[in-house]
Amino acid sequence: MTKQGPGFETLAVHAGQDPDPATGAVVPPLHLATTYAQEGVGRHKGYEYSRTGNPTRATLETTLATLEGAEHGVAFASGMAAEDAVLRSLSPGEHLVVGDDVYGGTWRLIARVLERYGIEHSAVDLRDRDALSDAWTSATRLVWIETPTNPLLRIVDIEGVCELAHRRGGRVVVDNTFATPYLQQPIRFGADVVVHSATKYLGGHSDVVGGAALTDDKEMAAHLRFIQNAAGAVPSPFDCYLVQRGLKTLAVRMDRQCASAMAVAEFLAAHPAVASVRYPGLSSDEGHALAARQMRAFGAMVSFTLEGGEQQALEVAARTGVFTLAESLGAVESLIEHPARMTHLSVAGSLLEVDPSLLRLSVGLETLDDLVADLSRALS
Ligand code: PLP
């Protein structure tokens, strides 16, 4: 991750956030106006109506694009709205290949919404380049990667998938929610579009739902801006402000959360009640070497299965105290969840169905000893 110019932390605090020229305020103002005075018809300062463009949103879009190393940033009301806008670049009769371990909501959008509009898909394990090649058809236009995947934390080789897809004329989208631009910058590996649920690490405090799509591709950027305005799933100025504020501490939060996640994964790997641990930071993990090449650190999500199967998984999830039993991830609070019955319920009965003995942890910022003691109590 060597780059010219200011470092990530400096950009997170300053990119697109010069002091307000009118007042000198060091925090970008919250622009609540829905409409903007025009000097004459069509003569204005760049803003007409806040669905189309809003200065607080524009500041966030600039910062996010800068952090991902992208030319263009487009913010949405949620991660799903950002995904929907990207996927609407496909036309009826076209086809996409999606990883076979993705967020359940992504799968639901592709399998249950897009399919109704004639957009077809295949789900494959994107670690297997031959499987991707076999799934490719003359109608394939897009590959959808999550890495690390949700909830199995598998690592997909972004550069390898991009090489294959680009050779065949397709675009590659990477959902970078789990890694964040601090740990991984997919555009540098050739990805055409990065999407985020800003609800997670970018916001970081469980108090805002948001999303974004970042790209260097001019045509895709124009499409995203068009959908942002035409369909209108825009974040409020206050939502943008909260994500902007979260970004300033992203790097320090991730450093601590990744370190704690590693310690939690090591604790679980040594525990007799635990059947398997999935964390790319463990040297025994199948994705470890690739993650070490592609990511700055290994993330703060840890998944594990229980020797006692689903029943034990449900009991452990109900017994933790410092880890709150809840959906979502990526914030300062540590969370535990049962993917098969919670975040991934929408993939039940599909190819993507999740092992019911699996639990997923989002490791937060609490004292490490308290986190480990909590799990130890719940597992005993
Ligand atoms: N992508 C991933 C990896 C997610 O985990 C989620 C939500 O959990 C989403 C996208 C969707 O984001 P949102 O909930 O902000 O719509």
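For ligands, and for the atoms within them, numbers begin at 1 and follow the listed sequence.
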Taking only Lys NZ, Arg NE, NH1 and NH2, and the carboxylate oxygens of Asp or Glu, determine whether D100 and R154 approach each other closer than 4.0 Å.
yes
Identify whether the distance between the nearest side-chain nitrogen and carboxylate oxygen of R341 and E310 falls below 4.0 Å.
yes
Check for me, please, whether L153 and V274 land in the same ILVMFWY cluster - side-chain distances under 4.5 Å, paths through other members count.
no
Is the shortest distance from a Lys or Arg side-chain nitrogen in R225 or E61 to a carboxylate oxygen in the other one below 4.0 Å?
yes
Do T215 and D217 have a side chain donor and acceptor closer than 3.5 Å?
no
Tabulate distances under 3.5 Å between N/O atoms of ligand 1 and N/O atoms of the protein, writing both atom names on each line.
{"residue": "ligand 1", "atom": "1 (N)", "partner": "D175", "partner atom": "OD2", "Å": "2.6"}
{"residue": "ligand 1", "atom": "5 (O)", "partner": "N150", "partner atom": "ND2", "Å": "3.4"}
{"residue": "ligand 1", "atom": "8 (O)", "partner": "K200", "partner atom": "NZ", "Å": "2.7"}
{"residue": "ligand 1", "atom": "12 (O)", "partner": "S197", "partner atom": "OG", "Å": "3.0"}
{"residue": "ligand 1", "atom": "15 (O)", "partner": "G79", "partner atom": "N", "Å": "2.9"}
{"residue": "ligand 1", "atom": "15 (O)", "partner": "S197", "partner atom": "OG", "Å": "2.8"}
{"residue": "ligand 1", "atom": "15 (O)", "partner": "T199", "partner atom": "OG1", "Å": "2.6"}
{"residue": "ligand 1", "atom": "16 (O)", "partner": "G79", "partner atom": "N", "Å": "3.1"}
{"residue": "ligand 1", "atom": "16 (O)", "partner": "M80", "partner atom": "N", "Å": "2.9"}

With sequence neighbours excluded, give me every ring pair (Phe, Tyr, Trp, His ring centres under 6.0 Å) pair touching residues 100-130.
W107-H121
